[in-house]
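All remarks here apply to the structure that follows.
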Amino acid sequence: MTDNQEVRVRFAPSPTGPLHIGGVRTALYNYLFARQHNGKFLLRIEDTDQTRFVPGAQDYIIESLRWCSILPDEGVSVGGDYGPYVQSERKEIYVQYAQQLLDNDRAYYAFDTAEELEAERERLHTEKGETFQYDAAHRNGMKNSLSMSPKEVTEWLGSGRPYVIRFKMPENVELTIFDMIRGEVKVNTSTLDDKVLFKSDGMPTYHLANIVDDHLMKITHVIRGEEWLPSMPLHVMLYKAFGWEDTMPQFAHLPLLLKPDGNGKLSKRDGDRLGFPVFPLRWPMDLTKEEIASGYRENGYYPEAFINMLALLGWNSGTEKEIFSMDELVEAFSMERVSKSGAKFNPEKAQWFNHEYLIARSDEQIAKESVPFLHGKENLYEPAILVKICGLVKDRLHFVKDIWEQVNFFFEAPVDYEEKAVKKRWKEETPSQMAELCAVLEKLEDFSTEMCEATVKEWVTVKEYNPGNIFNVIRLCLVGASKGPGVFDIMSILGKGEVLSRITAATGKISIVA
RNA sequence: GGCCCGUUGGUCAAGUGGCCUAAGACUCCGGCCUCUCACGCCGGCAACAGCGGUUCGAAUCCGCUACGGGUCACCA
């Protein structure tokens, strides 16, 4: 490609199930790269294998990308000038190109059945201990248009016998190919085999469809997972065979996302076994199946946090900045700073990212988001008070959905009291002290945080009580545990009546227990 | 097994021949703050896979070994 050409990249998943986070990251890097270069990001569906097609998977992919704000400029669901963007709708196109390769002697027909291939594999293994490869060294011993007479080939083709079209991989060519992340990679074509380009069911394989589509859609950069690195030589050879070398895209093979436990690449099956989601969204989305894999969205992640976390798995800016908005990512991203080695990810760090995004939100926003998790009790307070409550507890939250355990005491009086705290704080004189306190608070007109604090502190000072112990006893009465915001904030929000009633209730209950 | 890619603390990672007695973040552990928990602040534990070479000098360059991973389908 030339420098002044518009950058065009694509994300090309197969609709074989839910997209896992590795796929989302690949889409993200493609998107960032496109945005950064004022280029186009396309979404293409590679569904050439009908046997693995999973209904709903395509919608899942689109919905996942939408949730992440990784929006295609072109492609399935948005259209564009280079469609259709679903490979099964492009069948006739691939036929032409396969024919071109056949005509130029760069491909050939092969009639070997699965059984025959298996038999040959078995024979070679037992007789010579070799691994069978359909290549220059073996193709003459197989049933194909290279080993058979033209007449026979014509007959077999005419008889409706099933056949595939294989790429005729040149022998002994030293290839030096370039990867944007890994640099030069050298391979000898003799180690490569004659890959099937066209299947007997009339569909192309990934390799053919991918190269033809990338060429036709004017893709300039192929950014994909490292699992494709071994087929890069084949793809380069295909570009050469078609005579498209001049417009061949640049390749970038991204490091894999590894299982957090043990080794190996993260797979769809890992699911909830790991204790955190490996999918952006719950799967299946429609909940009609029994097996449900959880998603980041349903687990309470903000899409911005999810994206931020993913972006930093395999790339970093080289600075100490870790929190990036999408716009900042677009600005800072660079292929040169993508790491070469696979990354296991750290569930705790993922939560930390969400926490950072959560505390950056306004108290008003948190209050709004909290409503579904307040068990219908949100109307117990004025909206402004609810906002205040959220502001007081947001520091200790990873997810808004977990807010109830931080605020429950604002809505419900404690039914029991943390044993450890009772043991430590509840003294013989406590009940009478609390009775005194109630009398003092009773007279208080202004129940603001400040007035509560001033009043209680004055009383404690005059009586020469231990402030720490008194405050904690009050907390125990109001909350039932040693947690939560400042005790005077809690008093003020609960209000005089509730505070008095809770202290009275606690005094009764705890003395009975003790 | 063949081919290919990789290897800095538990994890993500900075580092592109001297500034490295190797940054930062997450986790963990201490301490401070403090009415509790959390936040915040301060501090701590903890790494250049090994061996050879190149060089005045190597985490950085080269080679070998080891280990890890990917891939070897009419799946993508």
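Letters go in sequence order (proteins before strands), and every chain restarts at 1.
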(message) Between A:Phe345 and A:Phe276, is the ring centroid distance below 6.0 Å?
(response) yes
(message) Quick check on RNA chain B: between A:Arg475 and A:Gly318, whose nearest nucleotide comes earlier from the 5' end?
(response) A:Gly318
(message) If you take any heavy atom closer than 4.0 Å to RNA chain B, which residues from residues 176-189 of chain A end up in contact?
(response) A:Arg182, A:Val185, A:Lys186, A:Val187
(message) In this structure, how many angstroms lie between the P atom of B:rA73 and the CE atom of A:Met142, rounded?
(response) 13 Å
(message) Between A:Ser492 and A:Asp489 (side chain of the first, backbone of the second, donor and acceptor by atom type, cut-off under 3.5 Å), is there such a pair?
(response) no
(message) Tell me which nucleotide, if any, is Watson-Crick or G-U wobble paired with B:rA66 when both distances must be under 3.5 Å.
(response) B:rU7
(request) Could you tell me whether A:Asp112 contacts a base, only the sugar-phosphate backbone, or nothing, with contacts defined as non-hydrogen atoms closer than 4.0 Å? (result) base
(message) Strictly by Watson-Crick or wobble contacts shorter than 3.5 Å, is anything paired with B:rC39, and which nucleotide is it?
(response) none
Under 3.5 Å between N/O atoms: give me all the protein pairs with nucleotides 23-30 of chain B, atom names plus distance.
{"from": "B:rG24", "atom 1": "O4'", "to": "A:Glu320", "atom 2": "OE2", "distance (Å)": "3.4"}
{"from": "B:rA25", "atom 1": "O4'", "to": "A:Glu322", "atom 2": "OE1", "distance (Å)": "3.4"}
{"from": "B:rA25", "atom 1": "O2'", "to": "A:Glu322", "atom 2": "OE1", "distance (Å)": "2.5"}
{"from": "B:rA25", "atom 1": "O2'", "to": "A:Glu322", "atom 2": "OE2", "distance (Å)": "3.3"}
{"from": "B:rA25", "atom 1": "O2'", "to": "A:Lys349", "atom 2": "NZ", "distance (Å)": "2.5"}
{"from": "B:rA25", "atom 1": "N3", "to": "A:Lys349", "atom 2": "NZ", "distance (Å)": "3.4"}
{"from": "B:rC26", "atom 1": "O2'", "to": "A:Lys349", "atom 2": "N", "distance (Å)": "3.4"}
{"from": "B:rC26", "atom 1": "O2", "to": "A:Asn346", "atom 2": "ND2", "distance (Å)": "3.4"}

(message) Between C1' on B:rA38 and CG on A:Leu358, what's the gap in Å once rounded to a whole number?
(response) 13 Å
(request) For B:rA59, give its Watson-Crick or G-U wobble partner with both distances under 3.5 Å, or none. (result) none
(request) Could you check whether A:Val487 gets within reach of a base, just the sugar-phosphate, or nothing at all, counting any heavy atom under 4.0 Å? (result) base
(message) Please classify the nucleic acid contact of A:Pro162 as base, sugar-phosphate, or nothing, using heavy-atom distances under 4.0 Å.
(response) nothing
(request) For the residue pair A:Val473 and A:Met434, establish whether any side-chain heavy-atom pair is separated by less than 4.5 Å. (result) yes
(request) Sticking with atom C1', work out how far B:rC48 lies from B:rC61, rounded to a whole angstrom. (result) 15 Å
(request) Report yes or no: does A:Tyr296 contribute a side-chain atom to a donor-acceptor pair with the main-chain N or O of A:Pro277 at less than 3.5 Å? (result) yes
(message) Taking the six-membered ring for Trp, are A:Tyr60 and A:Trp283 closer than 6.0 Å centroid to centroid?
(response) yes
(message) Can you identify which nucleotide, out of B:rC35, B:rC12, B:rC75, has its nearest atom closest to the A:Asp49 side chain?
(response) B:rC75
(request) Taking the six-membered ring of A:Tyr302 (Phe, Tyr or Trp), confirm whether the NZ or CZ of A:Arg361 is under 6.0 Å from its centre and within 45° of its axis. (result) yes
(request) Find the partner of B:rA23: check Watson-Crick (N1-N3 plus N6-O4 or O6-N4) and G-U wobble (N1-O2, O6-N3) distances, both under 3.5 Å, and reply none if neither fits. (result) none
(request) Indicate, with a heavy-atom threshold strictly under 4.0 Å, whether A:Ser339 touches base, sugar-phosphate, or nothing. (result) sugar-phosphate
(request) May I ask you to say what A:Ser14 touches in the nucleic acid, namely base, sugar-phosphate or nothing, with a heavy-atom cut-off under 4.0 Å? (result) sugar-phosphate
(request) Working to the nearest 0.5 Å, report the span between CZ of A:Phe306 and CG of A:Leu28. (result) 9.0 Å
(message) Tell me which one of A:Arg123, A:Arg121, A:Lys143 satisfies salt bridge (charged side-chain N to carboxylate O under 4.0 Å, His left out) with A:Glu116.
(response) A:Lys143
(request) Confirm from the modelled atom types if A:Ser200 and B:rC74 form a donor-acceptor pair under 3.5 Å, side chain to base only. (result) yes
(request) Can you tell me the distance, in whole Å, between the CG atom of A:Leu257 and the P atom of B:rU11? (result) 15 Å
(message) Counting the atoms with a prime plus P, OP1 and OP2 as sugar-phosphate, which does A:Arg224 contact under 4.0 Å by heavy atoms, base, sugar-phosphate, or nothing?
(response) nothing
(message) Donor-acceptor pair, distance only, cut-off 3.5 Å: does the side chain of A:Arg182 make one with the backbone of A:Lys340?
(response) yes
(message) Output the rounded distance in Å from CG (A:Asp194) to P (B:rA73).
(response) 13 Å
(request) Rounded to whole angstrom, note down the P distance from B:rC19 over to B:rA59. (result) 9 Å
(request) Determine yes or no for a side-chain-to-main-chain donor-acceptor pair under 3.5 angstrom, with A:Thr189 supplying the side chain and A:Pro170 the backbone. (result) yes
(request) Name the closest nucleotide to the A:Asn472 side chain, picking from B:rG6, B:rU36, B:rA73. (result) B:rU36
(message) Closest approach to the side chain of A:Leu313, judged atom by atom: which nucleotide of B:rC12, B:rA76, B:rG15 is it?
(response) B:rC12
(request) Mark yes or no: A:Arg166 above the aromatic ring of A:Tyr134, with NZ or CZ under 6.0 Å from the six-membered ring centre and no more than 45 degrees from the axis. (result) yes
(message) Heavy-atom nearest nucleotide on RNA chain B for A:Glu453 versus A:Tyr206: which residue maps closer to 5'?
(response) A:Glu453
(message) Would you measure the distance from the C1' atom in B:rG63 across to the matching atom in B:rA58 and give it in whole Å?
(response) 15 Å
(request) Whole angstrom is fine here: how far is it from CD in A:Gln50 over to C1' in B:rA76? (result) 13 Å
(message) Under 6.0 Å between ring centres: does that hold for A:Phe488 and A:Phe471?
(response) yes
(message) Roughly how many Å apart are B:rG50 and B:rC26, using the P atom of each and rounding to a whole number?
(response) 28 Å
Could you run down the sub-3.5 Å N/O contacts of the protein with nucleotides 63-71 of chain B?
{"from": "B:rG70", "atom 1": "OP1", "to": "A:Lys265", "atom 2": "N", "distance (Å)": "3.1"}
{"from": "B:rU71", "atom 1": "OP1", "to": "A:Lys265", "atom 2": "NZ", "distance (Å)": "3.0"}

(request) Provide the distance between the two P atoms, one in B:rU27 and one in B:rC51, to the nearest whole Å. (result) 35 Å
(message) Side chain of A:Asp395, heavy atoms from C-beta onward: which of B:rC39, B:rC35, B:rC72 has the nearest atom to it?
(response) B:rC39
(message) For the C1' atoms, the ones on B:rU60 and on B:rC72, what distance do you get once it is rounded to whole angstrom?
(response) 34 Å
(message) For B:rG2, give the paired nucleotide (Watson-Crick: N1-N3 plus N6-O4 or O6-N4; G-U: N1-O2 and O6-N3; both under 3.5 Å), or none.
(response) B:rU71
(request) Starting at atom NZ of A:Lys344, determine the distance to atom P of B:rU8, rounded to an integer number of angstrom. (result) 11 Å
(message) What's the separation between atom CG in A:Asn354 and atom CZ in A:Phe399, rounded to the nearest 0.5 Å?
(response) 4.5 Å
(request) Determine the interatomic distance between C1' on B:rC62 and the same-named atom on B:rA22; round to the nearest Å. (result) 23 Å
(message) Please classify the nucleic acid contact of A:Gly314 as base, sugar-phosphate, or nothing, using heavy-atom distances under 4.0 Å.
(response) sugar-phosphate
(request) Starting from C1' on B:rC72, measure out to OH on A:Tyr134 and report it in whole angstrom. (result) 17 Å
(message) Would you measure the distance from the P atom in B:rG6 across to the matching atom in B:rC64 and give it in whole Å?
(response) 14 Å
(message) For B:rA14 and A:Asn316 - does any side-chain N or O of the residue sit under 4.0 Å from the phosphate oxygens OP1/OP2?
(response) yes
(request) Using atom types as modelled and distance alone, determine if a side-chain donor or acceptor of A:Lys420 lies under 3.5 Å from a backbone N or O of A:Ser482. (result) no
(request) Test salt bridge (charged side-chain N to carboxylate O under 4.0 Å, His left out) on A:Glu328 and A:Lys321 and set out the steps. (result) CA-CA 11 Å; A:Glu328 290 171 328; A:Lys321 184 175 167 68; 3.4 Å; yes
(message) Of the listed nucleotides (B:rU36, B:rC12, B:rC74), which one gets closest to any side-chain atom of A:Lys483?
(response) B:rU36
